[in-house]
Amino acid sequence: MANVMDVRSALAASDELGQRISVRGWVRSRRDSKAGISFVAVNDGSCLANIQAVVPATLANYEKDVLQLSSGCAVIISGVLTVSEGKGQALEIQADAVEVVGWVDEPESYPISKKRHTFEYLRSVAHLRPRTNTFGAITRVRTVLANAIHNYFFAQGFQWINTPLITASDCEGAGELFRVSTLDLANLPRAENGAIDFAQDFFGAQSYLTVSGQLNVEAFCLAMSKVYTFGPTFRAENSNTSRHLAEFWMVEPEIAFADLNDDAALAEDFLKHVCRVLLEQCSADLEFFAEFIDKQAIERLQHVAARNFERMDYSEAVHVLQNCGKSFQFPVQWGLDLQSEHERYLCEEHVKAPLIVMNYPKDIKAFYMRQNDDGKTVAAMDVLAPGIGEIIGGSQREERLDRLDARMQEMNIVGDLWWYRDLRRYGTVPHAGFGLGFERLLNYVTGMENIRDVIPFPRVPKSAPF
RNA sequence: UCCGCCUUAGCUCAGUCGGUAGAGCAAUUGACUGUUAAUCAAUGGGUCGCUGGUUCGAGCCCAGCAGGCGGAGCCA
């Protein structure tokens with residue numbers, strides 16, 4: 001085999017012209033010319049573009065192999081990298097060897113045909129959809145975005161905390177929990193009162209998959225100052241929407257000696273940074289999204305990167321909504337949570353930009369959020385993005401033990417949070433953080449509409465087939 | 001969980017009044033061409049989601065179930 005290159009490198013390798021190389025990948029299409037050549041388009045996932053191999057009919061296995069190639073076949077093609085005589089591409093390979101590594105059984109029923117498919121259909125062949133242009137592009141953007149997130153925090157001196165996926169705490173926040181157990185479901189151990197005896201379970205207590213790493217990451221925040229978690233989280237809620245997954249990835253930074261304004265500033269700087277990185281490093285894939293998925297894809301990123309986010313108190317948001325002259329399906333009243341339609345109006349029509357709404361009524365927010373001096377609100381914020389709604393939710397945390405205890409009592413929080421309380425007993429300090437749904441951000445930056453299409457294998461109620 | 005819509009060829013969809021099934025694309029074969037989601041021609045391809053009911057007769061009407069999609073709620 002000659003010098004093996006991935007397609008991305010080969011197409012960028014003008015300095016390798018005239019050299020013999022090999023590329024390895026999967027056939028996207030084959031076009032035969034009776035001039036005695038076939039054109040084979042090969043993609044290996046390294047970039048959006050295919051490389052075109054020009055295969056002469058004089059190859060020994062031309063009839064036997066090359067003329068049998070169909071979409072999806074795995075091949076290794078070797079030949080000299082040359083300037084293309086055709087118009088669709090700058091470079092191509094003049095093939096002198098074609099090795100078919102894997103054939104496609106029954107090309108007629110190969111699920112990924114050259115024609116465009118609906119995303120709904122592609123979800124039913126999730127094991128093969130990475131072979132499409134769209135899912136290749138999503139996968140590359142996902143990788144660059146994950147890297148940009150880690151790199152941003154690393155450059156800012158944050159520590160990456162690998163918070164546990166299994167938890168015995170059932171009050172991490174909102175959300176139904178998936179139970180984790182090794183008990184025999186057909187023969188559950190019982191205590192004397194008939195209740196299931198979880199003391200005999202693996203962890204000696206009821207345990208669950210985490211719905212958030214926040215409480216754990218706070219512990220590291222109050223030692224390492226700037227920390228974040230980035231990993232999978234699980235919600236057993238029966239949510240059937242294009243914005244919810246039962247298993248999704250979440251980014252949760254937490255900063256010490258910080259208040260809500262610091263938190264909002266971090267969220268804005270963070271989002272601007274990752275958008276800039278995508279614009280720099282994913283230009284070909286973003287152009288693809290702009291052409292085939294969402295015309296606004298690139299402008300939106302430029303807009304986020306360039307423009308200052310608007311900020312508005314919840315009370316002001318309510319005032320704006322009540323006086324905008326629009327009628328909403330759900331009521332707008334101080335004390336009620338903002339509905340999707342309200343959030344969308346605010347960021348899409350009122351400010352026409354990302355918007356940070358701050359200081360919500362305490363009764364609609366979580367127990368750990370810091371109570372403001374007005375006695376009515378807590379230091380919570382939501383970052384609302386046009387077209388997608390809430391993309392970040394965060395808050396300054398209640399660092400005063402007496403206030404935290406009072407709030408937990410008021411809200412009837414039961415469960416063993418002694419260690420979380422300890423953080424307020426030993427060197428407590430104002431701190432704040434937020435949670436960002438990774439797939440929601442991916443939806444936002446690619447213009448994809450359904451969250452099930454930006455994660456490799458989506459898990460939603462009644463469906464985890466792959 | 002609630003509301004609405006959908007389920008017919010590998011894919012996307014038609015299917016009239018209830019009378020035994022149709023197109024485009026894909027696939028296969030051939031023609032043609034430094035081709036570009038090539039083009040042209042021919043050919044093959046169906047348990048009409050499942051179960052039951054009404055009917056002489058059901059893709060079509062009725063009931064139940066399953067699955068999918070969109071929206072809402074919950075949230076990230």
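Numbers restart at 1 for each chain; the letters A, B, ... are given by sequence-line order, proteins then strands.
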Novice: Would you tell me if any nitrogen or oxygen in the side chain of A:Ser113 comes within less than 4.0 Å of OP1 or OP2 on B:C11?
Specialist: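 No, because none of the side-chain N or O atoms of A:Ser113 sits under 4.0 Å from OP1 or OP2 of B:C11.
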
Novice: Mind checking A:Val251 for me? I need base, sugar-phosphate or nothing, with any heavy atom below 4.0 Å counting as a touch.
Specialist: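 The residue A:Val251 makes no contact with any strand.
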
Novice: Go ahead and name the base partner of B:C75; Watson-Crick or wobble counts if both distances stay under 3.5 Å, otherwise write none.
Specialist: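 Matched B:C75 with nothing under the 3.5 Å cut-off.
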
Novice: Applying the side-chain hydrogen bond (donor to acceptor under 3.5 Å, both in side chains) test to A:Tyr228, which of A:Gln156, A:Glu254, A:His150 qualifies?
Specialist: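 Result for side-chain hydrogen bond (donor to acceptor under 3.5 Å, both in side chains) with A:Tyr228: A:His150.
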
Novice: Report which part of the nucleic acid A:Arg243 touches: base, sugar-phosphate, or nothing (heavy-atom distance under 4.0 Å, all strands).
Specialist: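 If one applies the 4.0 Å heavy-atom cut-off, A:Arg243 turns out to touch a base.
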
Novice: Classify the nucleic acid contact of A:Glu390 as base, sugar-phosphate or nothing, counting any heavy atom under 4.0 Å across all strands shown.
Specialist: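 Answer is sugar-phosphate: A:Glu390 comes under 4.0 Å of backbone atoms only.
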
Novice: Indicate, with a heavy-atom threshold strictly under 4.0 Å, whether A:Thr233 touches base, sugar-phosphate, or nothing.
Specialist: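 It contacts nothing in the nucleic acid.
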
Novice: Name the residue closer to the 5' end of RNA chain B, choosing between A:Gln52 and A:Ser70 according to the nucleotide with the nearest heavy atom.
Specialist: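 The residue closer to the strand's 5' end, by nearest nucleotide, is A:Ser70.
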
Novice: Looking at every strand, decide which applies to A:Gln94 at a 4.0 Å heavy-atom threshold: base, sugar-phosphate, or nothing.
Specialist: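 Base contact.
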
Novice: Would A:Asn240 and A:Asn238 count as having a side-chain donor-acceptor pair, cut-off 3.5 Å?
Specialist: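 Result is yes, a qualifying pair exists.
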
Novice: Looking at B:G70, B:G34, B:A72, which one has an atom nearest to any side-chain atom of A:Phe39?
Specialist: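 Nearest listed nucleotide: B:G34.
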
Novice: Within the structure shown, what part of the strands sits under 4.0 Å from A:Leu441 by heavy-atom distance: base, sugar-phosphate, or nothing?
Specialist: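 A:Leu441: no heavy atom of the nucleic acid under 4.0 Å.
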
Novice: Figure out the CG/C1' separation between A:Asp453 and B:G68, and round it to whole Å.
Specialist: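 Rounded to the whole Å, the gap is 13 Å.
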
Novice: Under the 6.0 Å and 45° cation-pi test, does A:Arg30 pair with A:Phe39?
Specialist: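 No, A:Arg30 and A:Phe39 do not form such a contact.
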
Novice: Just to confirm, is there a sub-4.0 Å distance from OP1 or OP2 of B:G70 to any side-chain nitrogen or oxygen of A:Asn450?
Specialist: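 So the side chain of A:Asn450 is within the cut-off, an N or O lying under 4.0 Å from OP1 or OP2 of B:G70.
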
Novice: Less than 4.0 angstrom between a side-chain N/O of A:Ser242 and OP1 or OP2 of B:G71, yes or no?
Specialist: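 So the side-chain polar atoms of A:Ser242 do come within 4.0 Å of the phosphate oxygens OP1 or OP2 of B:G71, strictly under.
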
Novice: Regarding A:Ser463, tell me which of base, sugar-phosphate or nothing describes its non-hydrogen contacts under 4.0 Å with the strands shown.
Specialist: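 It contacts sugar-phosphate atoms only.
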
Novice: Base, sugar-phosphate or nothing for A:Asn50? Non-hydrogen atoms, less than 4.0 Å.
Specialist: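 A:Asn50: no heavy atom of the nucleic acid under 4.0 Å.
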
Novice: So what does A:Tyr110 touch, heavy atoms closer than 4.0 Å: a base, only the sugar-phosphate, or nothing?
Specialist: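 Nothing: the residue A:Tyr110, judged by heavy atoms under 4.0 Å, touches no strand.
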
Novice: CD of A:Gln339 versus P of B:A72: gap in Å, rounded?
Specialist: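 Checked: the CD to P distance equals 10 Å.
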
Novice: Categorize A:Arg30 for me: base, sugar-phosphate, or nothing, with a 4.0 angstrom heavy-atom threshold over every strand shown.
Specialist: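 Answer is nothing: A:Arg30 stays at 4.0 Å or more from every strand.
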
Novice: Distance criterion of 3.5 Å, no angle test: do you see the side chain of A:His117 paired donor-to-acceptor with the base of B:C11?
Specialist: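 A donor-acceptor contact between them is absent.
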
Novice: Does B:G57 pair with anything, Watson-Crick or G-U wobble, both distances under 3.5 Å, and if so, with which nucleotide?
Specialist: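 Here B:G57 is not engaged in any pair, so there is no nucleotide opposite it.
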
Novice: Checking base pairs now: Watson-Crick or wobble, both atom distances under 3.5 Å. What partners B:U29?
Specialist: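 Pairing partner, where one exists within any strand: B:A41.
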
Novice: Closest to the A:Arg31 side chain: B:U1, B:G73, B:U35?
Specialist: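 My answer, after comparing the listed nucleotides, is B:U35.
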
Novice: Categorize A:Ser29 for me: base, sugar-phosphate, or nothing, with a 4.0 angstrom heavy-atom threshold over every strand shown.
Specialist: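 A:Ser29: backbone/sugar contact only, no base atoms under 4.0 Å.
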
Novice: If you assign each of A:Ala246 and A:Phe330 to its closest nucleotide in RNA chain B, which residue comes earlier from the 5' end?
Specialist: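 Per heavy-atom nearest nucleotide, the more 5' residue is A:Phe330.
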
Novice: Please work out if A:Lys462 contacts a base, only the sugar-phosphate, or nothing of the nucleic acid, heavy-atom cut-off 4.0 Å.
Specialist: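 Sugar-phosphate: the residue A:Lys462, judged by heavy atoms under 4.0 Å, touches backbone atoms but no base.
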
Novice: Does A:Gly435 reach a base, just sugar-phosphate, or nothing at all? Heavy atoms under 4.0 Å.
Specialist: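 Counting heavy atoms under 4.0 Å across all strands, the contact made by A:Gly435 is with sugar-phosphate only.
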
Novice: A:Asn240 side chain: which of B:U12, B:A72, B:C75 is closest?
Specialist: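 It is B:A72.
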
Novice: For A:Asp32 and B:A38, give me the distance from atom CG to atom P, rounded to whole Å.
Specialist: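 So the CG-P distance, A:Asp32 to B:A38, works out to 11 Å.
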
Novice: Side-chain N or O of A:Arg116 less than 4.0 angstrom from OP1 or OP2 on B:A26?
Specialist: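 Result: no.
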
Novice: For B:C69, give the paired nucleotide (Watson-Crick: N1-N3 plus N6-O4 or O6-N4; G-U: N1-O2 and O6-N3; both under 3.5 Å), or none.
Specialist: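 Across any shown strand, B:C69 pairs with B:G4.
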
Novice: Identify which nucleotide among B:G34, B:U36, B:G73 has an atom closest to any side-chain atom of A:Ser239, counting heavy atoms from C-beta outward.
Specialist: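 Taking heavy atoms from C-beta onward, the closest nucleotide is B:G73.
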
Novice: Report the distance from atom CD of A:Glu341 to atom P of B:C74, rounded to the nearest whole Å.
Specialist: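 Value for this atom pair: 12 Å.
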
Novice: Just checking A:Glu92: base, sugar-phosphate only, or nothing, at a heavy-atom cut-off of under 4.0 Å?
Specialist: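 The answer is base, as A:Glu92 lies within the cut-off (heavy atoms under 4.0 Å) of a base atom.
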
Novice: From CD of A:Glu291 over to P of B:A37, roughly how many Å is that when rounded to an integer?
Specialist: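 Rounding to the nearest Å, CD of A:Glu291 and P of B:A37 are 11 Å apart.
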
Novice: So, does the side chain of A:Gln89 form a donor-acceptor pair with the base of B:U35 at under 3.5 Å?
Specialist: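 Such a pair is found, so the answer is yes.
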
